Amino acid sequence: MPGMADVTGDSLNAALVRTAYLAQIRFKAMRARTARRYMELHALSASLDLFKPGAIVPWVSYLFPTELLTSYGLTPMIPEIGSATLTGTDLREAVESAAARMPLARDVCSYHRIALAAVENDMLPAPSMCLGTTPLCLGKECLLEMLAVRHSVPFREIRVPMPPDEGETAPEVIADVAEQMRVLHEDIGRWSGRKPNLRKAIELSNRASAAWGHIMAERLAGRIEMNGRSTFATVFLGQLLWGTEEGAKDFERLLSEKGRSDLMAPVLDGGRKLRRLLWLHTVPHHDAEIFEMMERRGAAVIFEEMGQMHMETVDPDDPFPGLAKRLTDNALWGSSARRARLNVALAKQLKVDGAVHFNHWGCRHGLGSLPVVRAAFVEAGIPFLAIDGDALGRGGAQQDKARQAMESFLELL
Amino acid sequence: MPYCYYTCNLIPFEIVARNGFTARWLGDHVRGPATQTRRDALSVHPMTCPYVTKLVAAADQMLAGADAAATAPGAEPRAAHTADCIVVPGGCDAARRMGDLLAAAYPDRVFVLPMPRSAVPEVTETLAADLCRLDEWLSARLPDGAARPAADPGSGPHADYPAEPRPGGVFVVAGPLTDDSLLQLISRLGAHVSGLESCTSPDRWRLLAAGTAPVEPEGAAGVMPPGAAPAAGDHVHLAARLLEIGMCPRRSTTARRDYLNRRFDAARPTSIIYARQSFCDPGAYDSLLVAQLAAERGLPYLEIEVDFPFDANGPLRTRVEAFLEAQLLDDDLLAVLDDDDLFGGGPGEDDLLATSGGHGAGGEG
């Protein structure tokens with residue numbers, strides 16, 4: 001496998017290596033014919049294009065409505081995905097060293113810290129524009145705006161008021177967010193000098209949403225049991241592909257048994273009953289051991305909180321209200337009480353044996369809601385475990401501790 | 001008179017006062033380390049800034065204590081106790097989650113006030129609407145006829161400069177401070193302070209005090225009678241004023257940068273110290289910005305990690321001391337260089353002085 005530097009350079013040699021590498025990944029995807037493999041291929045391929053000279057690189061927040069970009073044929077650069085990918089490559093040591101040398105405090109979110117170190121050391125492409133959303137956290141808004149100032153590129157933030165703890169978001173709030181998106185969509189066209197095709201982007205996004213929404217409904221109804229960790233990893237990458245032809249096809253591949261065959265929950269030997277867990281917040285991307293240990297002990301994550309997005313389609317004739325509603329209603333946005341209520345309801349619907357909250361390093365909004373979420377689960381009588389960790393971590397004392405906590409939790413279950 | 005505790009001074013005090021509450025800063029009620037903790041006390045994840053951690057404990061103590069006092073056998077319940085409430089301006093994720101936690105533990109006694117990052121007209125209107133909700137919420141907390149404009153001015157973060165700030169000294173950028181002990185430490189170490197940028201800085205609370213209606217004794221002219229509906233423009237004006245004054249690290253980088261530049265221009269410091277609380281996201285990014293501004297001005301810069309309440313402990317004192325001593329040493333050397341005939345009027349003077357490191361702009365003060 002070539003190194004990251006080999007495939008992201010702008011020399012002829014790098015271009016050849018990149019082409020050969022993508023051909024290899026494509027071959028693997030064609031053999032496997034699964035959504036997961038194709039999504040990896042297409043996300044990687046689109047992301048590598050961002051390293052080409054002259055590429056327009058929109059750095060955006062994780063929940064940014066990327067259809068506003070695909071309308072112009074642009075691929076988003078999402079810091080969380082960039083960091084998770086880089087720390088899984090041969091550049092891990094280099095980017096970690098760069099982050100350690102950086103004056104930014106070590107206690108901030110590691111996704112953002114690594115992303116900053118990477119862009120400042122040419123391991124991720126520099127931004128052409130930085131586009132944020134108030135959901136989910138303030139830290140990434142600080143990062144995106146700081147990058148915009150440093151690189152003298154435009155910064156915009158979609159301001160999204162908190163949804164109510166109960167009930168629907170007010171129509172005027174949705175209208176306000178929709179209007180911000182409409183203006184921003186026009187701004188992106190002005191900055192990029194490209195012509196939009198939002199209708200096409202929305203139609204493609206809708207194909208993906210319809211497929212994903214169907215899969216999620218089947219999972220919620222208990223008719224399909226998927227591996228929450230792998231599924232999250234796939235959807236995480238899928239954030240780069242909403243509104244593209246590739247994204248539509250890849251999500252539609254999930255509809256066939258073959259297409260989702262490498263994302264299914266394990267089946268235990270001898271008819272043993274699987275202990276089914278709900279996973280809250282992000283996952284430790286590079287710690288396979290904890291999940292392998294869970295499987296050895298007859299447990300698996302069968303649903304993930306963060307997969308609950310893009311489950312409804314948007315009106316192509318008037319897309320902004322639908323895109324706005326998707327953002328305002330995100331399960332992780334809003335008060336801790338709202339998050340707790342939604343997750344307890346989810347756990348009850350799925351009839352899980354327990355829930356695990358991953359306390360990602362430096363994530364104030366996730367960690368901050370933990371006491372309320374925990375109390376709600378305890379009150380509902382659903383076993384609950386919170387484990388500390390770093391989503392980008394690999395090995396170390398903290399992961400050992402998390403594994404031990406998980407073992408004890410599984411024994412209790 | 002019931003108390004309205006607050007966690008950040010970006011609340012309009014006249015709204016609190018005209019609804020019959022005395023405003024009290026929770027930072028004044030932080031428990032000492034020796035205080036016994038209740039078994040069921042609220043707690044937050046350890047990866048939370050000390051300010052929020054301590055304020056959650058203080059709020060929990062105040063509200064639980066008030067409940068206990070009101071319901072204790074034989075005790076005469078004070079109506080004010082059960083009406084005590086907390087307003088939490090949620091400027092950052094940790095503060096917002098603090099509000100969520102307290103609201104979940106003490107339903108109907110906590111108001112979380114969203115604090116935006118920018119001050120564009122739409123944002124001001126949204127904040128005005130939230131202030132209107134706060135006004136109504138406070139107004140509904142006391143029985144009809146019970147609310148009278150508070151006569152007690154309440155308490156707040158009123159840390160002041162130990163001596164009048166003047167150019168040519170240290171400029172301190174910090175999160176919330178309970179008192180002036182950091183500034184005192186700098187003075188004790190032989191330097192003087194050129195300015196303090198903090199949410200508890202006198203440069204903010206004086207503006208807040210001047211910009212909001214002063215709390216006057218009951219019945220005095222200018223105080224809105226209880227229950228009277230404020231003018232529609234009142235909340236918009238208050239929102240605009242709060243956003244103008246509250247130019248803290250959570251704000252837009254560009255606006256914050258301009259604001260800090262103005263403050264540094266006015267204070268003309270020779271060095272900058274950033275006292276950052278651990279686990280503070282806005283502070284972490286803000287310290288990068290301030291470090292960059294210091295570099296642009298050629299000013300020596302020191303970042304220290306501090307607790308809340310501020311504790312001038314050994315290692316921290318040593319770091320500040322070493323930083324200030326290094327500057328004094330540099331100043332002495334520069335003085336020698338200035339006096340030395342070797343450099344007087346020679347063609348290489350500018351180059352030699354330019355390499356002596358970081359005294360150009362600030363040294364002129």
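Remember, it's a predicted structure, so these values are computed and weren't measured experimentally. Every chain is numbered from 1 and lettered A, B, ... according to where its sequence line falls, protein lines coming before strand lines.
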Side chains of [X] and [Y], donor plus acceptor under 3.5 Å:
{"X": "A:Ser369", "Y": "B:Asp100", "value": "no"}
{"X": "B:Glu197", "Y": "B:Tyr259", "value": "yes"}
{"X": "B:Ser278", "Y": "A:Asp107", "value": "no"}

* Asked: Are B:Arg276 and B:Asp286 close enough for a salt bridge, meaning some N to O gap below 4.0 Å?
  ->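 Between B:Asp286 and B:Arg276 there is no salt bridge, as every charged N stays at least 4.0 Å from the carboxylate O atoms.
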
* Can B:Glu296 and B:Arg257 be counted as an ion pair, charged N to O under 4.0 angstrom? ->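 Yes, this pair counts.
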
* Asked: Can you tell me how far the CH2 atom of A:Trp333 sits from the OG1 atom of A:Thr169, to the nearest 0.5 Å?
  ->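 It is 11.5 Å, given to the nearest 0.5 Å.
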
Interface moiety of [X] toward chain A, non-hydrogen atoms closer than 4.5 Å:
{"X": "B:Val120", "result": "side chain"}
{"X": "B:Ser118", "result": "side chain"}
{"X": "B:Cys280", "result": "backbone"}
{"X": "B:Thr254", "result": "both"}
{"X": "B:Ala291", "result": "neither"}

* **side-chain hydrogen bond (donor to acceptor under 3.5 Å, both in side chains), paired with A:Arg182, selected from A:Gln180, A:Glu186, A:His185** =>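 In the set A:Gln180, A:Glu186, A:His185, the residue that makes a side-chain hydrogen bond (donor to acceptor under 3.5 Å, both in side chains) with A:Arg182 is A:Glu186.
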
Would you mind telling me which of [options] has the largest number of heavy-atom pairs within less than 4.5 Å of chain B?
{"options": "A:Met102, A:His112, A:Arg159", "value": "A:Arg159"}
{"options": "A:Cys142, A:Ala386, A:Pro103, A:Ala105", "value": "A:Cys142"}
{"options": "A:Pro161, A:Ala337, A:Pro371", "value": "A:Pro371"}

Let me know if [X] has heavy atoms under 4.5 Å from chain B in its side chain, its backbone, both or neither.
{"X": "A:Leu116", "result": "side chain"}
{"X": "A:Arg150", "result": "side chain"}
{"X": "A:Leu104", "result": "both"}
{"X": "A:Val149", "result": "side chain"}
{"X": "A:Glu141", "result": "both"}
{"X": "A:Asp165", "result": "neither"}
{"X": "A:Asp176", "result": "neither"}

* **A:His360-A:His285 aromatic ring centre distance below 6.0 Å** =>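 So the answer is no for these two rings.
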
* Just do the side chain to side chain contact (heavy atoms under 4.5 Å, CB included) check on A:Arg403 and A:Asp287 with the steps written out, would you? => CA-CA 10 Å; A:Arg403 236 166 279 156; A:Asp287 182 12; 3.3 Å; yes

* What pair of heavy atoms forms the shortest contact from A:Asp390 to A:Gln398, and how long is it? ->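 Shortest heavy-atom separation between A:Asp390 and A:Gln398 comes out as N-OE1, 3.9 Å.
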
